[in-house]
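The chain is numbered in sequence order, starting from 1.
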Amino acid sequence: MKKRNYFLFVLFLTVFISACASGKEVDADKEFEEAEQAYAIPEDEELFDLFDEHVEAFNEKDIETYMEAIHPDSPSFEASREHMESLKDINVELEINEIYVEDKDETIANVYIEQDTYFHDAVGKNNRFEATHELRRHGHDWKVYSTSPINQVAIDENGEEVEVSEEDKLLEELENESMEDIEGEYADFIKDLDLSEIEEDLTFHSYEEDMDYGILTFIFSEDLDKQLTVEILADEAGPNVIEDYAYNVESNYGIEGVETSILEQDDNQLIYTVSFPEEMAGYPEHVQVGKAYIDGNNLNALIYTEFEKHELEDDDIDAWVDNLEEIE
């Protein structure tokens with residue numbers, strides 16, 4: 001009897017151990033399959049599905065799902081979220097026109113996409129954008145790591161390409177620039193200027209400074225042949241600085257053929273006009289109305305310029321004199 005019980009016990013233990021071993025083999029096979037899948041070269045459709053879901057999330061303003069397609073190590077991860085946040089209340093839609101895999105291996109894939117963006121509100125411009133997107137693995141999933149732009153063109157509401165003028169291209173490039181973003185030793189002086197009388201017509205163009213000056217340039221959105229320049233000449237407000245400035249104007253800046261006129265002058269301020277009747281000394285044809293004035297220890301200059309003309313009507317000069325008088 002005892003022998004039989006022992007035999008049964010041994011038999012049960014043997015079956016139990018065999019079952020455990022079999023289970024471990026199944027688990028090992030499963031892990032192997034998962035590992036093999038994690039490092040296999042992806043099918044094209046797997047990558048295409050990622051972008052289909054990505055675009056759908058964009059169109060539905062589903063920010064969390066949209067961000068799931070971005071690789072967490074992407075240098076543009078936070079910028080992508082901020083971009084989506086800025087568009088959440090805007091009626092904008094993406095459509096993929098063309099997509100194909102350029103190359104791929106077990107860890108990286110490059111996918112070309114041509115997409116159209118349609119702004120159904122008057123807050124953006126419809127465009128067709130071509131780019132190569134680099135995808136990298138994150139665990140078992142593929143995610144967008146970076147985007148390399150190839151080309152972008154304007155399109156109409158029907159997806160037809162629209163020819164864009166050089167002026168519009170320049171304005172588009174400057175669209176996100178702002179005077180508030182300038183930095184430098186003299187930037188605060190310029191930011192303190194009151195341009196409220198004309199600022200709605202101005203588009204920030206550029207700012208540069210050196211050891212003793214800062215120069216800010218605006219262009220006029222409606223006419224790129226017009227610009228306003230603000231100059232800060234640091235620590236130049238000596239006792240005769242306005243007189244010296246007037247002398248330079250009256251002497252035509254030493255350039256033969258330049259026409260100048262002093263309109264107003266006192267110890268603290270000078271208003272004048274300058275005309276280049278034609279291209280000369282490396283300067284194009286243009287006319288200016290300028291104001292130089294003392295501001296603390298600095299000499300400031302505000303200069304309105306129109307290119308491709310060398311004279312202004314009296315009413316236009318008077319209007320700009322009034323504008324310059326208002327800027328302090």
Side-chain angles (χ1 to χ4, degrees), residues 174 177-199 201-220 224-276 279-307 310 312 317-328:
L174 299 174
E177 304 289 339
S178 169
M179 184 175 76
E180 297 305 314
D181 297 329
I182 66 174
E183 297 179 350
E185 185 175 354
Y186 313 114
D188 288 341
F189 289 109
I190 289 178
K191 290 178 183 179
D192 287 340
L193 289 172
D194 181 7
L195 301 171
S196 57
E197 290 295 317
I198 56 173
E199 65 181 352
D201 299 322
L202 300 176
T203 296
F204 173 81
H205 181 271
S206 60
Y207 176 71
E208 62 177 291
E209 66 174 51
D210 208 330
M211 291 178 57
D212 55 359
Y213 71 84
I215 300 178
L216 174 73
T217 303
F218 293 98
I219 57 176
F220 284 73
L224 301 190
D225 286 329
K226 300 177 181 180
Q227 71 178 36
L228 180 70
T229 305
V230 181
E231 298 181 1
I232 305 292
L233 304 176
D235 300 321
E236 292 291 330
N240 300 314
V241 65
I242 295 296
E243 198 172 307
D244 292 343
Y245 200 106
Y247 174 79
N248 286 330
V249 171
E250 289 180 314
S251 62
N252 304 337
Y253 299 102
I255 303 174
E256 185 177 352
V258 174
E259 301 170 2
T260 62
S261 176
I262 303 295
L263 303 181
E264 299 178 20
Q265 181 180 348
D266 58 32
D267 291 340
N268 295 307
Q269 178 174 286
L270 173 73
I271 294 180
Y272 60 93
T273 62
V274 176
S275 172
F276 281 65
E279 183 177 345
M280 54 180 61
Y283 295 97
E285 177 188 2
H286 68 275
V287 59
Q288 295 179 334
V289 181
K291 168 188 171 183
Y293 65 99
I294 294 174
D295 181 20
N297 294 324
N298 301 331
L299 175 66
N300 296 350
L302 306 169
I303 305 168
Y304 167 74
T305 304
E306 277 198 45
F307 294 98
H310 62 272
L312 296 172
I317 293 176
D318 291 342
W320 266 103
V321 169
D322 291 342
N323 285 335
L324 296 178
E325 292 277 18
E326 292 293 329
I327 301 174
E328 295 290 348

Report the distance from atom CG of L233 to atom CD1 of I294, rounding to the nearest 0.5 Å. 11.5 Å
Answer yes or no: is there a donor N or O on one side and an acceptor on the other, between the side chain of S275 and the main chain of H310, under 3.5 Å? yes
Distance from Q227 atom CD to E306 atom CD, nearest 0.5 Å? 11.0 Å
Applying side chain to side chain contact (heavy atoms under 4.5 Å, CB included) to N300 and V230, what does each step give before you reach the verdict? CA-CA 7 Å; N300 296 350; V230 181; over 6 Å; no
Can you give me every donor-acceptor pair (side chain of residues 238-248, partner residue at least two apart or in another chain, under 3.5 Å) with its distance?
from: Y245; atom 1: OH; to: Y272; atom 2: OH; distance (Å): 3.1

Rounded to the nearest 0.5 angstrom, the NZ-CZ distance for K226 and F307 is 13.0 Å
Run the side chain to side chain contact (heavy atoms under 4.5 Å, CB included) test on V321 and E264 for me, step by step, so that the C-alpha distance in whole Å, both residues' side-chain angles and the decisive distance to 0.1 Å come before the verdict. CA-CA 10 Å; V321 169; E264 299 178 20; 3.9 Å; yes
Apply side-chain hydrogen bond (donor to acceptor under 3.5 Å, both in side chains) to Y213 and list each qualifying residue two or more places apart in sequence or on a separate chain. none
Measuring from I219:CD1 to L228:CG, what's the distance to the nearest 0.5 Å? 12.0 Å
Main-chain N/O of V249 paired with T260 side-chain donor or acceptor, under 3.5 Å: yes
Output the distance between atom CG (L299) and atom CD (E231), rounded to the nearest 0.5 Å. 9.0 Å
Check the surroundings of atom CG in D212: do more than 12 heavy atoms from other residues, nucleotides or ligands lie under 6.0 Å from it? yes
If a pair satisfies salt bridge (charged side-chain N to carboxylate O under 4.0 Å, His left out) and one of its residues is in residues 280-300, list it, with sequence neighbours excluded. K291-E328
Verdict with reasoning, T273 to V287, per side chain to side chain contact (heavy atoms under 4.5 Å, CB included): CA-CA 7 Å; T273 62; V287 59; 5.5 Å; no
Taking it one step at a time, do I271 and E325 satisfy side chain to side chain contact (heavy atoms under 4.5 Å, CB included)? CA-CA 9 Å; I271 294 180; E325 292 277 18; 3.2 Å; yes
Heavy-atom distance under 4.5 Å between the side chains of V258 and Y283, does that happen here? no
